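Treat the numbers as computed from the prediction; the structure is a model and nothing was measured. Below, read A as the first sequence line, B as the second, and so on, with proteins coming before strands; counting in each chain starts at 1.
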Amino acid sequence: MNRALQTTGRTGAAFAALAVLLSALWMGASIGETSIPFSTVAQTVANRLWNAGYPLEPIDEGIVWSYRLSRSVIAASCGAALALSGVVLQSLLRNPLADPYLLGISAGASTGAVSVAILGVGAGYLTLPIGAFIGAILAFALVSVLALKAGRGTAAIILAGVAGSQLFNALTSFIVTKAATAEQARGIMFWLLGNLSGVRWPDAWLAVPAALLGLVVCIWHARALDAFTFGSESAASLGISVRRTYFVLVGVSAMMTAAMVSIVGSIGFVGLVIPHAARMLVGVRHGILLPASALIGAVFMIIADILSRTIITGQVLPIGVITALVGAPAFALILAQRRERA
Amino acid sequence: MTLSVSHVSWSAGGTEILRDISLTVETGEFLGIIGPNGSGKTSLMSLFAGLRKPRSGVVLLDGAPIGSLSRRDVAQRLALVEQQADTGERITARQAVEIGRTPYLGPLLPWSPDDDRIVDAALDNVDMTHLAGRSWHTLSGGERQRLHIARAIAQQPEILLLDEPTNHLDIGHQISLLDLVQRQELTVVAALHDLNHAAMYCDRIAVMQVGCLVALGRPRDVLTEERIRDVFGVDAEIDVDGGGLCHLRFRTQRSHARVTAVRPANLSATGGR
Ligand SMILES: Nc1ncnc2c1ncn2[C@@H]1O[C@H](COP(=O)(O)OP(=O)(O)OP(=O)(O)O)[C@@H](O)[C@H]1O
Ligand SMILES: [Mg+2]
């Protein structure tokens, strides 16, 4: 293959991906209970970013900029981050059912976040996302130990994940019931379901860098992930330092999951289903699978957010409900497919 | 390029699995490792590959303890084909071989036309070019095994470690694979179950028995009737032909039992007549 051609192809693909992402964001800002024309969206962005000075209805401009666009950007970061975590966990654990939600990492992050927010663990030194990160790491460690004791297989890991999720969800409920005020409790329960309602621009300053950093670190390790195709021993004999790779990639998955959980709560199935969809479209090589999963995850979440705002008039569904409605049947399909192949 | 172990022991799960093994692999030789199931062949291979740390003793690659070298450095000199390696990923045959280039690639060292050429040559070498586009899970056991070998070749090592490379292969492919390995002019360490193949292809044979190295030397010196009875519990007849090549014929336990049971009767019968 011609090297120059290859590079051109890759640059072209990157531009196409960016175009798709921007169009999805544009749609996210335009579609809603009141539909706002695409041109208004473009003018709003121009006004806000470059002081273009287009005369617009302040209400429209406010809805587009402060409400819909911030939501869409965070939804996109969240979808990309969860999809990347899913790819990484599935490849490292060689388990098609691995994802941060099923493995209890999201549940651990929720417990960590709630401990900081309600119990005041860390006495002001720990922020919510850091609490979530510690919770995520603890949950992964617990689930790994359980899975090792249970015999390492695909099913063992998932069962350990179920046990871990249940434990951490119970801890979260316990903390919330014991220490939170009624109003706090209602807010937290809504957040736990996975919810974009409260998000504003400042949250994007955590969500976007977390997703971008995750993307860069994962792509940096794309070849190492390819080397895990035949297992970790084989990866080691191909020159991968297995322990370091595990450490970095599990850490980065936990970081992304924790960042997203601390902003929008735990959202299921995205990390599980998107990587499978991406594999079907672009194949299994991580150099292309990782960016493709991030893009598909981002677009999927923007669309899920639009649906959550429009599907019931006058009501906003938690986005976790939409992802579960799409994800659970897809999960069932993956299970059925696995049986067919076995 | 030299690989050696000296006084290595290794334990797992509280039992000692390899005991005080010392062995130097000579450059360019084909060293066979034989021994019954569970005698420690695979364990010894993974020590050689630096995948496990010995409890005591050292593994030296070119005079340096293998643990002190980077994994990438080791992987550029030494390739391992595991006894069992499979994947649920939907990769193609060619992709399974491309993975062998990993030790030469990185985030800042992208895939190059050279890599393509090396992969093509490796596929051709194991006679799998025509199946390069097939998906892994549709391939037969023998085809997969040949791709594992191709991956190891694409790794361009100086030492090839093969754990039961002829598993799953029909006799034609067993012979052609061993021929192919011999042709590579690499240093080869191979765990083999077929003693005739070991005799045909190996310059030296190491015999393992419950974690100990019990013999090491040229096939005709190592493969003796007593040793085979002792290590494998089987009776064998061994002919050494004009070229110094050993041929082994085995007797089944049953025919063996009949022979010992019948012979005294025969003897007494002839004696009676
Ligand atoms: N990680 C481990 N934990 C406990 N026991 C182990 C471990 N690895 C190997 N063993 C044991 O060590 C012994 C040697 O195993 P090894 O796989 O090296 O044998 P082998 O000679 O390759 O056998 P085979 O011909 O069946 O491949 C076996 O009894 C095995 O059960
Ligand atoms: Mg073995």
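Within the 4.5 Å cutoff, side-chain heavy atoms of A:Glu233 are placed close to those of B:Glu82. Within the 4.5 Å cutoff, the side chain of A:Trp220 has heavy atoms near those of the B:Leu108 side chain. The closest side-chain heavy-atom distance from B:Glu89 to A:Phe228 is not below 4.5 Å.
Counting non-hydrogen atoms of other residues, nucleotides and ligands closer than 6.0 Å to CZ of B:Arg55 gives a total above 12.
Between B:Gly100 and A:Leu238, the shortest heavy-atom contact is CA-CD2, 3.9 Å. Of all heavy-atom pairs between A:Val284 and B:Ile91, the closest is CG2-CG2, 3.3 Å. B:Leu51 and A:Ser237 get closest at one heavy-atom pair: CD2-N, 3.9 Å. Closest non-hydrogen pair, B:Thr87 versus A:Phe230, comes out as CG2-CE2, 3.7 Å.
Heavy atoms closer than 4.5 Å to chain A are found in the side chain of B:Glu98, but not in its backbone. With a 4.5 angstrom heavy-atom cutoff, B:Ala85 touches chain A via backbone and side-chain atoms both. Heavy-atom distances place the side chain of B:Arg52, and not its backbone, under 4.5 Å from chain A. Contacts between B:Arg151 and chain A at a heavy-atom distance below 4.5 Å involve the side chain alone, from C-beta outward. There is no contact between A:Ala222 and chain B, counting heavy-atom distances below 4.5 Å.
For the set B:Ala152, B:Ala75, B:Pro107, the entry with the most heavy-atom pairs within less than 4.5 Å of chain A is B:Pro107. Per-residue heavy-atom pair counts under 4.5 Å with chain B were compared for A:Gly283, A:Ser234, A:Gly231, and the maximum is reached by A:Ser234. With chain B as partner, the option from A:Arg94, A:Gln90, A:His221, A:Arg285 having the largest number of non-hydrogen pairs under 4.5 angstrom is A:Arg285.
Between the side chain of B:Arg71 and the backbone N or O of A:Ser241 there is no donor-acceptor pair closer than 3.5 Å.
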Going through the distances and angles, do A:Ile240 and B:Thr102 end up as a side chain to side chain contact (heavy atoms under 4.5 Å, CB included)? CA-CA 8 Å; A:Ile240 303 301; B:Thr102 305; 3.7 Å; yes
